Amino acid sequence: MDVTAWALLPVAGMLVAAAAAVLIVVVALKDTASRDRATVLMAVAEVIRAVRGRR
């Protein structure tokens, strides 16, 4: 691999992680009542933090 490919690899990884996080939020909020959305979003954020290793 050349230097450009090594430089773009972390960027591609971040894009995949961001897309996965957005997909998780969309699926989690699909049939959620408005009063429960804040709780669901906090739970999703906690899961994402745990996956990234900040917990």
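Keep in mind it's a predicted model, so treat the numbers as computed, not measured.
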Asks: To the nearest 0.5 Å, how far apart are CG in Asp36 and CG in Asp31?
Replies: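 Nearest 0.5 Å value for the CG-CG distance: 12.0 Å.
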Asks: Quick one: closest heavy-atom pair of Arg37 and Leu29, and the distance?
Replies: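 Where Arg37 meets Leu29 most closely, the heavy atoms are CG-CD2, 3.8 Å.
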Asks: For the hydrophobic clusters of this structure (ILVMFWY residues joined by side-chain heavy atoms under 4.5 Å, transitively), does one cluster hold both Ile24 and Leu41?
Replies: yes
